[in-house]
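The structure appears right after this line, and notes come after that.
Throughout, protein chains are lettered first and strands after them, A, B, ... in sequence-line order, and every chain is numbered starting at 1. Basis for what follows: all heavy atoms, side chains included, without hydrogens, waters or symmetry-related copies.
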4 protein chains.
Amino acid sequence: MTDERSAYDEKLESILRTAAQIFAEKGYHQASIRDIARATGVSLSGLYYYFNSKEELLFLIQDHAFGTLLDHLERLLDGVAEPHRRLRLLMENHLRYFVANTAEMKVLSHEAEALTGDFRRRVNAKKRRLTETAMQILQEIRPAGDLDARVATFAMFGMMNWLYNWHRAERDVPVDRIVDDMYRIFVEGYAPDNAAVPALARETSPGEERPSIW
Amino acid sequence: MTDERSAYDEKLESILRTAAQIFAEKGYHQASIRDIARATGVSLSGLYYYFNSKEELLFLIQDHAFGTLLDHLERLLDGVAEPHRRLRLLMENHLRYFVANTAEMKVLSHEAEALTGDFRRRVNAKKRRLTETAMQILQEIRPAGDLDARVATFAMFGMMNWLYNWHRAERDVPVDRIVDDMYRIFVEGYAPDNAAVPALARETSPGEERPSIW
Amino acid sequence: MTDERSAYDEKLESILRTAAQIFAEKGYHQASIRDIARATGVSLSGLYYYFNSKEELLFLIQDHAFGTLLDHLERLLDGVAEPHRRLRLLMENHLRYFVANTAEMKVLSHEAEALTGDFRRRVNAKKRRLTETAMQILQEIRPAGDLDARVATFAMFGMMNWLYNWHRAERDVPVDRIVDDMYRIFVEGYAPDNAAVPALARETSPGEERPSIW
Amino acid sequence: MTDERSAYDEKLESILRTAAQIFAEKGYHQASIRDIARATGVSLSGLYYYFNSKEELLFLIQDHAFGTLLDHLERLLDGVAEPHRRLRLLMENHLRYFVANTAEMKVLSHEAEALTGDFRRRVNAKKRRLTETAMQILQEIRPAGDLDARVATFAMFGMMNWLYNWHRAERDVPVDRIVDDMYRIFVEGYAPDNAAVPALARETSPGEERPSIW
DNA sequence: TATGAATGAGGCTTCATTCAT
DNA sequence: CATGAATGAAGCCTCATTCAT
């Protein structure tokens with residue numbers, strides 16, 4: 001395991017980052033490859049060395065972003081069994097990622113349908129993995145669910161994913177507070193009888209050693 | 001009070017409905033005016049008798065949809081003072097509207113940024129009105145909020161608005177159940193000490209005499 | 001000979017006048033029939049009662065304008081034999097008409113090529129009549145021309161017809177002065193040896209009893 | 001000083017030349033970009049590599065044409081003080097350019113109003129420069145003007161610019177003759193007392209080493 | 001006479017993509 | 001690795017005109 005990354009890789013990632021910002025600002029379909037050429041300083045045709053089509057570019061962004069999100073989550077959950085704590089970690093991971101990578105996450109949340117065919121399938125597979133992880137945790141917390149599982153799960157994700165529509169860093173409370181509030185709202189609403197887990201000790205805080213985008 | 005609506009009005013609304021479906025399916029930018037011409041049976045240029053630009057068409061859909069949503073809400077809340085009940089009505093109205101008008105609501109939620117200039121401002125004005133109504137209710141429920149107001153409000157809307165990303169009528173539980181579950185999750189999470197209001201008697205159920213889109 | 005003109009005729013002429021203004025402002029091809037409908041207050045389809053096509057409308061304007069110009073000229077020249085005086089009358093008539101009917105004359109001068117087929121031929125016939133009248137006068141003034149006849153004739157018309165490109169009523173000297181100056185420049189340049197005819201007595205001044213457009 | 005011009009520049013100029021011809025034939029607004037694509041052999045979209053809009057194409061033509069005209073004039077006038085001779089040079093330059101570049105000059109004369117905004121302003125600035133040069137010369141010739149300066153100046157330009165409406169190379173007298181005649185008509189009409197300058201020796205004749213369009 | 005509603009043709013422009021260098 | 005030049009497809013919109021009423 002080396003720190004070496006080829007110049008190619010570095011440039012690719014820089015392109016992905018810039019492209020994510022542009023897709024976030026103007027929307028995938030409104031953004032033209034020309035916009036990305038301008039923003040990256042690479043020539044129009046030069047870009048095609050790094051991806052084969054605009055759609056693949058979108059896929060690379062989404063796949064990279066989601067991959068990082070999932071990787072990190074799985075590392076966080078590793079060895080943690082208590083479901084409340086697992087839920088808290090999931091939400092914390094999710095929200096922190098959102099706030100730290102606004103552009104990527106907006107693209108991920110908003111441009112889901114822009115992908116087709118295999119690209120779509122591959123991103124969806126990752127989404128399903130996350131969804132199932134969440135659903136399992138919820139079921140452990142409240143095995144005899146008188147709340148519908150899908151409703152509860154997507155209520156939680158909706159709460160979090162909607163962030164990109166309203167959150168503004170300079171105006172809103174800090175992430176930690178958002179995590180606390182949303183966790184509390186959701187967990188007490190979902191399982192009011194159980195005691196909520198207090199805020200985690202921060203040593204596990206992601207975002208420290210974050211690789212590339214994260 | 002007559003049932004008379006001009007042929008023009010009727011045709012316009014039928015076009016709006018069809019267009020909303022197409023925008024919902026393909027996305028605003030991917031949908032071409034030709035698609036709408038085909039689906040409505042009106043010629044390409046014939047459509048421009050009813051709106052001046054594709055963007056105005058989107059505006060008409062959003063404005064109409066949101067207008068109906070708000071109108072209905074205000075009629076429902078009229079005379080109701082108890083904040084839990086007001087919240088319940090708001091959520092019920094919102095979710096029912098979503099499920100009954102999937103296309104319009106997806107367009108409303110997903111294509112917010114496709115509008116520019118004055119069109120954008122006018123729709124945003126309505127959004128702000130809804131948001132403020134919600135925020136006031138939440139503040140009445142929990143005046144000494146140790147939860148951030150914006151976070152709580154948008155957590156609620158996120159829970160509900162995300163619906164269009166996962167809900168499938170043929171697969172999911174009925175709306176009433178979604179309303180019950182989401183209301184419970186949110187209200188007990190937001191104000192766990194207060195007793196939640198039981199499901200409303202259905203006489204007030206919207207969707208019965210629903211005007212036009214609603 | 002009655003003063004009676006049908007309501008139809010009056011409306012037609014009012015449409016022609018308005019249309020001439022619009023064609024003058026925006027140019028024939030840039031002006032849309034819709035523009036004319038708006039300006040006249042007549043509905044789009046209503047206009048077609050007065051003409052069969054946009055091109056015919058242009059023809060009617062040009063033909064009417066040129067007809068009036070020619071009629072008046074022929075009445076003025078009638079009984080006048082002295083060629084300098086005839087020239088002076090021609091120029092006076094031409095320039096006064098231009099200044100009094102800016103819109104029509106701009107359309108006449110600028111939109112010559114917009115007409116095709118028979119419309120074009122009919123207007124051109126009138127133009128040729130005017131040109132030949134002028135040429136004859138010039139030849140009488142200087143029978144042994146060492147100046148090319150076409151060059152001289154069109155130099156004179158160019159001088160005058162160019163007016164619409166620079167003349168601004170509120171800024172320039174009055175028409176009478178323009179007539180004097182142009183006549184002097186041309187006549188002394190064209191036939192320096194002959195004495196120029198002094199300004200005409202004004203009894204013949206056109207523009208007094210001017211019919212319709214004139 | 002090399003003869004090297006980039007392939008890009010050469011192609012651009014060839015496109016401008018072809019486009020000028022088409023604009024001259026059909027009129028700016030009647031000519032479609034497709035017409036130009038067909039005539040140049042470049043694909044429709046390929047043209048947009050060389051200009052950003054149809055209007056910019058028109059601007060490029062007018063600006064290039066007028067620029068060349070002015071450049072040449074200023075080079076001709078350089079070092080010549082005697083006003084009659086200066087006038088003669090101006091007219092000679094103008095008329096020769098017209099006859100040698102019929103298409104460009106028709107577009108310049110006829111499509112002045114098709115340009116808007118900054119494009120219009122920039123071409124107008126050049127026009128004003130030419131007009132002022134002319135006006136100054138005229139004032140030197142006849143300082144105590146009992147002829148209005150604007151009328152005289154535009155009478156002269158009208159005489160010349162109208163050319164495109166009637167001149168046909170195969171039918172009319174040669175340019176030199178046109179220059180002689182128009183100069184005589186104008187100068188003797190404008191300042192009859194002064195002796196006219198005889199035709200210039202032809203060594204200065206422009207059109208010999210004419211750059212690009214000229 | 002007059003109009004509301006509708007349409008086919010065509011115009012300008014943008015875009016993702018390619019290919020020779 | 002990178003780019004300048006080019007293209008086919010497609011998109012939005014406008015226009016003159018028509019026709020039933």
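Remark: the S43(B) side chain and the dG8(E) base include no donor-acceptor N/O pair separated by less than 3.5 Å. One N or O donor and one acceptor, one from the side chain of S45(B) and one from the base of dG8(E), sit under 3.5 Å apart.
Stems are defined here as 3 or more consecutive Watson-Crick or G-U wobble pairs with pairing distances under 3.5 Å; those involving DNA chain F are E:2-21 with F:2-21.
Cation-pi contact between K54(A) and F59(A): absent, since separation from the ring centre below 6.0 Å together with deviation from the ring axis within 45° is not met.
Side-chain nitrogen and oxygen atoms of Y49(D) include none within less than 4.0 Å of the OP1 or OP2 phosphate oxygen of dA6(F). Distances shorter than 4.0 Å separate some side-chain N or O of Y50(A) from OP1 or OP2 on dA2(F). For the pair K11(C) and dA2(E), the criterion of a side-chain N or O lying under 4.0 Å from OP1 or OP2 is met.
By the 4.5 Å heavy-atom criterion applied to side chains, H29(C) and Y28(D) are not counted as neighbours. Taking the side chain as every heavy atom from C-beta outward, F51(C) and L12(C) never approach each other to under 4.5 Å.
With respect to R17(B) and E104(B), no salt bridge is recorded, no charged nitrogen being found less than 4.0 Å from a carboxylate O. At a threshold of 4.0 Å, the pair D63(D)-K126(D) counts as salt-bridged, since one of the basic side-chain nitrogens sits closer than that to a carboxylate oxygen.
The 5' end of DNA chain F is approached more closely, in terms of each residue's nearest nucleotide, by G41(A) than by the other of G41(A) and Y48(C).
Under the 6.0 Å cut-off for aromatic ring centres, Y50(C) and Y8(C) qualify, their centroids lying closer than that.
Straight-line distance from the OH atom of Y8(D) to the P atom of dG4(F): 12 Å, rounded to whole Å.
Nucleic acid contact class of A31(C) (heavy atoms, under 4.0 Å, all strands): sugar-phosphate only.
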